[in-house]
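Reading through the C-alpha cells given below for one structure.
Counting starts at 1 for both ligands and their atoms, following the listed order.
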Amino acid sequence: MDAPGFAWPEGGNTRVPYRVYTDAENHEREKQRIFAGPSWGFLCASAEIPNAGDYKTTFLGEVPIVVVRRRDGGVNALVNRCTHRGSLVALKSQGNTGNSLTCVYHSWAFDLDGNLTGIPFRRGLEGKGGMPAEFDLKQHGLKRLRVGEVCGLVFGTLAADAPPLEEHIGPLIGDRLARVLGGRKLKVLGTASQYLHNNWKLYVENVKDTYHASLLHTFFSTFKILRLTAGGGIHVSEQGGNHASYSLNKQDKDKGEYDGLRSAKDDFRLKDASIFEEKDEFGDGITVQLLSVFPNFILQQVHNCLALRQVLPKGVNETELLWTYIGFEDDDAAMQRLRLKQANLVGPAGYVSMEDGCVGGFVQRAIVGSEADDSVIEMGGASHASTDSRVSEASVRGFWQQYRTQMGFAGA
Ligand code: FES
Ligand SMILES: [Fe+2]
C-alpha cells in the first residue's frame with residue numbers, strides 16, 4: 001500500500017470522496033498510517049489507574065491496549081496481545097493485576113513493563129518436552145507504546161516518529177484543554193458506551209461541525225436554547241486535525257420561570273429547567289466547548305457536564321463511542337450533582353446528542369452505490385483557519401487536511 005487506492009478529488013478539503021467511509025483497503029491503510037502512524041491516541045485518565053498494578057484496557061484504533069500503573073508511579077501502555085499465540089492478556093475492562101500480567105491461555109507471565117518473565121513447563125516434564133534451551137524470554141515481551149500525559153490524560157503512540165504529545169496537541173488546543181482540565185485532579189463519575197453504525201470519521205466530523213447543532217438538535221431549537229447569533233468561534237490547529245469550538249451562549253434567565261425554555265411552536269415548556277442551571281466555573285462565559293485531538297479524542301464541556309470521548313473504529317462500517325464523564329476531586333456535592341444532572345443532555349440517549357448517534361448511520365446508508373461522489377464542505381469558505389464564526393466547517397476541513405497528509409493523498 002504505497003499509495004492510496006484512489007485519488008482525492010479536485011477541491012482539496014472542500015470535497016471528501018464517500019469511499020473514505022466504505023473502502024476496506026483504505027481502512028487498512030488508516031490502521032497503519034493514522035492509528036499506528038505519527039499521532040497519539042487517548043488511552044485513559046490517569047485517575048482511572050491511581051495505584052500500582054491498576055490497569056485499564058482500551059484500544060489504539062483497533063489494537064487492544066492495556067494501560068498499567070507501575071510501582072514507580074509511571075504509566076505503561078502495552079499491546080494487549082500475548083506473544084505466545086495471540087490471546088488477550090488482560091480480559092476485564094479494569095482492575096488490579098499486582099506485579100504481573102498473566103495470560104489465561106497458557107499462563108505466560110509478563111511484568112508491568114511487558115517483559116516475559118515466566119513460562120509454565122518451560123523445562124518440560126521429566127526431561128521431556130518444554131521450550132528449546134535457547135529460547136530467549138527477552139525477545140518475547142509485550143509490545144510497548146510510547147506514553148505521554150497531559151492534564152491528567154494518558155495518550156499513547158506506536159510510532160517512533162510521532163512528535164512529542166505536547167507538539168501533537170499544539171499550543172492553541174493545549175491551552176483550550178488546560179482551560180477545562182488544568183491544575184485540578186480529575187475524578188471519573190461514570191462511563192457509557194454506544195455503537196454507531198457508521199465509519200468512525202463520520203462521528204469525528206459531526207463533533208467538529210458546530211453549525212449542525214441548532215438545526216439537527218431539536219431539543220435546542222424547540223426550547224430556543226442555542227442560537228448561532230450568540231458569540232462563539234472555532235480554533236483550529238495549524239495542521240488542521242485538532243480543534244476547539246466554543247459558544248458564549250448567554251441565556252435570558254432574568255424571568256423567574258426561565259421563559260427561554262418555552263417552546264417556539266406549541267406553548268409547552270420544560271417543567272424542570274434545573275438542568276440548565278449552570279456555574280461559570282472557568283470564569284470566561286463559555287458555556288459549551290467541544291475539543292478534539294486528531295485522530296479520535298474528544299473533550300466535552302457542555303455547561304458543567306464534562307466528558308472524555310473516544311471514537312473507536314470497529315471495522316470500516318461500525319464504531320464504538322466511549323464516554324467517560326468526569327468532574328474534579330475538589331467538586332462539592334452540589335457541583336457533582338449538577339454535572340450528573342446535565343449528563344442527561346449528552347450521551348447515548350442525551351436530550352441533545354442522541355441525534356449525533358444516528359446521523360452518521362444516515363450517511364453510511366445513503367452513500368451506498370455513490371462511492372464515486374463527494375461531499376461538499378464549503379460553509380465558511382475553503383480554509384481551515386480559526387474563525388470567530390460557528391457558521392463554518394473550518395474544523396471539518398482541518399480534519400481532512402491532516403488526514404490527507406497522514407494518509408499520503410497527493411496534493412495534501
Ligand atoms: S496465548 Fe498466552 S500463554 Fe498461550
Ligand atoms: Fe451534535
Side-chain angles (χ1 to χ4, degrees), residues 57 64 66 78-92 97 100-111 114-122 124 129-131 135 137 139-143 192 194 196 198 200-223 225-228 232 234 243-247 249 287-292 298-303 305 307 309 311 319 321 323 342-363 379 390-393 395-396 399:
T57 55
V66 54
L78 308 161
V79 172
N80 187 12
R81 187 190 64 242
C82 181
T83 49
H84 178 216
R85 294 214 331 251
S87 170
L88 289 170
V89 178
L91 294 176
K92 293 194 209 140
T97 188
S100 64
L101 288 153
T102 304
C103 178
V104 289
Y105 202 167
H106 315 87
S107 296
W108 282 30
F110 304 88
D111 67 19
N115 301 307
L116 177 58
T117 53
I119 300 178
F121 306 118
R122 187 176 172 198
M131 297 294 282
F135 184 81
L137 266 57
Q139 303 301 315
H140 299 275
L142 300 177
K143 195 189 250 186
Q194 73 187 106
L196 309 172
N198 55 258
W200 67 278
K201 299 185 293 301
L202 286 165
Y203 187 79
V204 174
E205 281 191 301
N206 171 272
V207 169
K208 287 172 179 278
D209 152 18
T210 120
Y211 101 93
H212 79 268
S214 63
L215 304 166
L216 175 68
H217 299 307
T218 50
F219 184 81
F220 279 152
S221 49
T222 300
F223 295 108
I225 293 158
L226 186 113
R227 294 177 305 274
L228 283 171
I234 310 169
H243 98 294
S245 61
Y246 59 98
S247 31
N249 198 19
T287 54
V288 174
Q289 176 183 287
L290 283 174
L291 179 154
S292 66
I298 295 146
L299 168 69
Q300 157 215 308
Q301 176 222 338
V302 174
H303 306 289
C305 178
R309 301 184 207 165
V311 186
T319 299
L321 176 60
W323 306 73
Q342 290 178 349
N344 287 295
L345 289 168
V346 272
Y351 302 161
V352 174
S353 68
M354 65 177 123
E355 293 92 352
D356 296 321
C358 53
V359 75
F362 297 165
V363 176
M379 195 59 88
R390 283 178 299 136
V391 194
S392 170
E393 291 165 310
S395 42
V396 183
F399 173 81

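If you check which protein heavy atom lies closest to atom 1 (S) of ligand 1, you get Arg85 N, 3.4 Å.
Rounded to the nearest 0.5 Å, atoms CG (Asn115) and CG (Leu101) are 11.0 Å apart.
Remark: the backbone N or O of Asn198 is paired with a side-chain donor or acceptor of Thr319 at under 3.5 angstrom.
An angle of 90° is found at atom 4 (Fe) of ligand 1 between His84 atom ND1 and His106 atom ND1, rounded to 10°.
Open room surrounds OH on Tyr105; 12 or fewer heavy atoms of other groups in view lie less than 6.0 Å from it.
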With ring-ring contact (aromatic ring centres under 6.0 Å, His included) as the criterion, how do His106 and Phe121 come out once you've worked through the C-alpha distance, each side chain's angles and the decisive distance to 0.1 Å? CA-CA 10 Å; His106 315 87; Phe121 306 118; over 10 Å; no

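Atom numbering of ligand 1 starts at 1 in the shown order; those under 4.0 Å from a heavy atom of Trp108 are 3 (S). Near Cys103, meaning under 4.0 Å from one of its heavy atoms, ligand 1 places the atoms 1 (S), 2 (Fe), 3 (S).
Between the Fe ion (ligand 2) and the N, O or S atoms of His217, the shortest distance is to NE2.
One of the N, O or S atoms belonging to Asp356 lies under 2.8 Å away from the Fe ion (ligand 2).
In this structure, a donor-acceptor pair under 3.5 Å is present between the side chains of Gln194 and Trp323.
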